[in-house]
Amino acid sequence: MNSIHSGSPSDPCPHHIFNKADTAIAAHLRKAINISFETARFPDSWKHAEINTLLKKPKADPKALKNFRPISLLPFPAKVIEKIINTQLTRYLEDNNILDPSQSGFRLNHSTETALLAATDDIRSHLDNGETSALILLDLSAAFDTVCHHTLKSHLHAAGIQDQALEWTSSFLAGRTQRVRLPPYQSKAFNINCGVPQGSSLIPTLFNIYMAPLAQVARQHNLNIISYADDTQLILSLTKDSHTAKTNLHEGLKPSTDWMRDSRLKLKSDKTEVLILGRTPSTWDNSWWPSTLGPPPTPTDSA
């Protein structure tokens with residue numbers, strides 16, 4: 001418990017009291033957690049989140065709500081059980097190689113550095129073959145807030161999370177409430193029917209499972225994919241066979257964006273970027289971009 005340094009304003013006592021009294025309450029908390037596992041039920045009183053808002057960038061306009069990031073402050077006992085479950089789930093996923101190798105977010109021995117190295121390696125391989133690359137940076141809107149619980153549970157089942165473990169996760173996701181705090185004001189509590197609470201140690205792992213099929217879809221259509229949580233980059237060779245490359249892009253982007261739509265993930269086409277990298281002239285023009293995805297992004301040439 002001492003490794004957990006925050007709780008929720010709705011906790012009956014501050015989190016530091018839990019930490020100081022851990023020897024006195026540990027047995028009782030352990031009993032509550034074991035009952036939760038045995039019954040495959042997550043206590044309703046641990047499902048409420050107090051939402052604090054943080055500016056995404058220090059100089060962002062505080063009058064624009066889109067510039068704020070919601071952070072869920074969760075009950076202290078909930079954070080304890082989530083950490084236990086996340087440790088077990090992560091070990092299972094890594095030991096059985098279930099997470100896609102293209103995903104670098106929220107994983108042991110992975111970071112933004114491993115994602116950057118993977119992208120650099122793909123691009124350099126194209127350069128060694130005399131090819132120019134298109135690096136397509138996809139931008140998703142509020143991905144954690146739009147997660148479909150039913151879809152997540154189906155992905156968990158496919159990953160081998162079944163029976164009582166799946167039932168516990170279903171209980172963990174269902175019946176959640178939250179309230180937004182903007183001192184000295186706060187909203188009324190309201191029910192949450194989709195999305196996952198940012199602030200839980202378990203959520204990044206669940207989100208990686210949720211996103212895993214996207215990598216499979218992209219590779220099935222000859223697109224290299226590199227991900228860090230919801231940040232997704234596609235890499236495509238342009239010059240070795242431009243006709244085939246354009247066909248691969250059109251045939252790969254549509255299933256990928258269809259998967260996003262079916263998973264309730266919204267692609268912000270106006271913030272999607274394309275970076276052209278190579279030594280040879282680029283064959284990229286607006287015809288490369290599928291019209292169904294909206295206006296084509298303006299490519300940046302870094303040859």
Side-chain angles (χ1 to χ4, degrees), residues 1 3-4 7-8 29-51 70-100 103 105-108 110 140 142-178 189-216 227 229-230 259-260 262-265:
M1 292 193 296
S3 62
I4 299 174
S8 168
L29 185 57
R30 185 185 304 115
K31 182 178 180 180
I33 291 172
N34 285 335
I35 290 174
S36 174
F37 293 157
E38 291 166 3
T39 61
R41 292 292 181 269
F42 191 80
D44 290 340
S45 59
W46 295 356
K47 294 182 182 181
H48 178 72
E50 299 282 336
I51 306 298
I71 301 297
S72 301
L73 301 180
L74 303 168
F76 184 86
K79 296 173 77 74
V80 175
I81 191 172
E82 289 164 8
K83 188 168 184 179
I84 294 171
I85 289 291
N86 186 54
T87 299
Q88 296 177 352
L89 178 59
T90 299
R91 185 183 300 120
Y92 165 77
L93 295 172
E94 296 293 352
D95 288 349
N96 292 279
N97 297 315
I98 291 174
L99 293 180
D100 194 273
Q103 177 61 261
F106 313 119
R107 298 181 63 186
L108 183 65
H110 291 71
L140 295 175
F144 280 75
D145 298 328
T146 58
V147 167
C148 172
H149 293 171
H150 176 75
T151 302
L152 174 56
K153 285 184 282 188
S154 69
H155 292 176
L156 286 165
H157 187 273
I161 312 301
Q162 301 175 15
D163 303 324
Q164 193 166 357
L166 183 61
E167 190 176 346
W168 184 93
T169 308
S170 298
S171 176
F172 170 79
L173 294 169
R176 288 194 164 269
T177 61
Q178 67 182 29
F190 52 94
N191 296 326
I192 302 300
N193 298 317
C194 66
V196 287
Q198 298 188 51
S200 162
S201 60
L202 177 59
I203 292 310
T205 305
L206 294 180
F207 189 77
N208 279 350
I209 297 173
Y210 191 78
M211 291 289 291
L214 176 59
Q216 300 171 18
S227 300
D230 60 327
W259 181 90
M260 294 178 191
D262 294 341
S263 300
R264 299 188 183 180
L265 297 172

Peer 1: Show the nearest heavy-atom pair for residues A229 and F207, with the distance to one decimal.
Peer 2: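 In terms of heavy atoms, the two residues are closest at C-CE2, 3.8 Å.
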Peer 1: Can you tell me how far CG of L152 sits from CD1 of I203, rounded to the nearest 0.5 angstrom?
Peer 2: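 Between I203 CD1 and L152 CG, I get 8.0 Å after rounding to 0.5 Å.
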Peer 1: Tell me the closest heavy-atom pair linking I35 and T39, and the distance in Å.
Peer 2: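 Distance-wise, the nearest heavy atoms are O-OG1, 2.7 Å.
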Peer 1: Considering all heavy atoms of both residues, which atom of L99 and which atom of R107 are nearest to each other, and what is their separation?
Peer 2: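 That would be CD1-NE, 3.6 Å.
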Peer 1: May I ask you to decide if R41's main-chain N or O and S36's side chain share a donor-acceptor pair within less than 3.5 Å?
Peer 2: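 Answer holds: yes.
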Peer 1: Distance from H48 atom NE2 to S72 atom OG, nearest 0.5 Å?
Peer 2: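 Taking NE2 in H48 and OG in S72, the distance rounds to 10.0 Å.
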Peer 1: Kindly indicate, with the supporting measurements, whether the criterion side chain to side chain contact (heavy atoms under 4.5 Å, CB included) is fulfilled by L108 and E94.
Peer 2: CA-CA 9 Å; L108 183 65; E94 296 293 352; 5.5 Å; no
Peer 1: Checking Q178 side chain against A189 main chain: does a donor-acceptor pair fall under 3.5 Å?
Peer 2: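 Judged by distance alone, no pair lies under 3.5 Å.
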Peer 1: Are L265 and W259 close enough that some pair of their side-chain heavy atoms sits under 4.5 Å apart?
Peer 2: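 When only atoms from C-beta onward are counted, W259 and L265 do touch, with a gap below 4.5 Å.
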Peer 1: To the nearest 0.5 angstrom, please state how far the CD1 atom of I33 sits from the CD atom of E38.
Peer 2: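 These two atoms lie 12.0 Å from each other.
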Peer 1: Donor-acceptor pair, distance only, cut-off 3.5 Å: does the side chain of H149 make one with the backbone of G195?
Peer 2: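 Checking the backbone N and O of G195 against the side chain of H149, a donor-acceptor pair under 3.5 Å is found.
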Peer 1: CD of E50 to CD1 of I71: how many Å apart, nearest 0.5 Å?
Peer 2: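 CD1 of I71 is found 14.0 Å from CD of E50.
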Peer 1: Does any non-hydrogen side-chain atom of I192 lie less than 4.5 Å from one of P197?
Peer 2: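 No; the side chains remain at least 4.5 Å from each other.
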Peer 1: Hey, does F42 have a side-chain heavy atom less than 4.5 Å from the side chain of E82?
Peer 2: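 They are in side-chain contact.
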Peer 1: Heavy atoms only: give me the nearest A159-I98 pair and the separation to one decimal.
Peer 2: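 Heavy atoms only, the tightest pair is O-CD1, 3.2 Å.
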Peer 1: Please tell me if the side chains of F106 and T90 come closer than 4.5 Å, counting only heavy atoms from C-beta onward.
Peer 2: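 F106 vs T90: side chains apart.
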Peer 1: With a 4.5 Å limit on heavy-atom distance, are the side chains of L93 and I209 in contact?
Peer 2: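 When only atoms from C-beta onward are counted, I209 and L93 do touch, with a gap below 4.5 Å.
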Peer 1: Enter the distance from L206:CG to T169:OG1 here, rounded to the nearest 0.5 Å.
Peer 2: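 It comes to 6.5 Å.
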Peer 1: State which residues pass ring pair (Phe, Tyr, Trp, His ring centres under 6.0 Å) with H155; sequence neighbours excluded, sorted by chain then number.
Peer 2: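 Partners of H155 under the ring pair (Phe, Tyr, Trp, His ring centres under 6.0 Å) test: Y210.
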Peer 1: Looking at V147, is its backbone amide N or carbonyl O close enough to the side chain of R264 to form a donor-acceptor pair, meaning the two atoms are under 3.5 Å apart?
Peer 2: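 No; judged by distance alone, with no hydrogens or angles, the pair does not exist.
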Peer 1: How close do S171 and A40 get, counting heavy atoms only, and between which atoms?
Peer 2: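 Shortest heavy-atom contact: CB-O, 3.7 Å.
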Peer 1: Residues in side-chain contact (heavy atoms from CB on, under 4.5 Å) with S154, at least two apart?
Peer 2: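 With neighbours one apart ignored, the set is T151.
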Peer 1: For the side chain of K79 and the backbone of L73, is there at least one donor-acceptor N/O pair under 3.5 Å apart?
Peer 2: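 Checked: no pair found.
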Peer 1: Decide yes or no for D100 and M211: does some side-chain heavy atom of the first lie under 4.5 Å from some side-chain heavy atom of the second?
Peer 2: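 Counting from C-beta outward, D100 and M211 never come under 4.5 Å.
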Peer 1: Look at the side chain of N96 and the backbone N and O of Y92, then say whether any donor-acceptor pair between them is shorter than 3.5 Å.
Peer 2: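 Yes; judged by distance alone, with no hydrogens or angles, the pair exists.
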Peer 1: Can you name the closest pair of heavy atoms from S201 and P204 and give their distance?
Peer 2: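 Reported closest heavy-atom pair: O-CD, 3.5 Å.
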Peer 1: Working to the nearest 0.5 angstrom, can you tell me the gap between H110 NE2 and S227 OG?
Peer 2: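 Here the rounded value is 11.5 Å.
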Peer 1: What class does the angle between the rings of F172 and W168 fall in, given that below 30° is parallel, 30 to 60° is tilted and above 60° is perpendicular?
Peer 2: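 F172 and W168: parallel rings.
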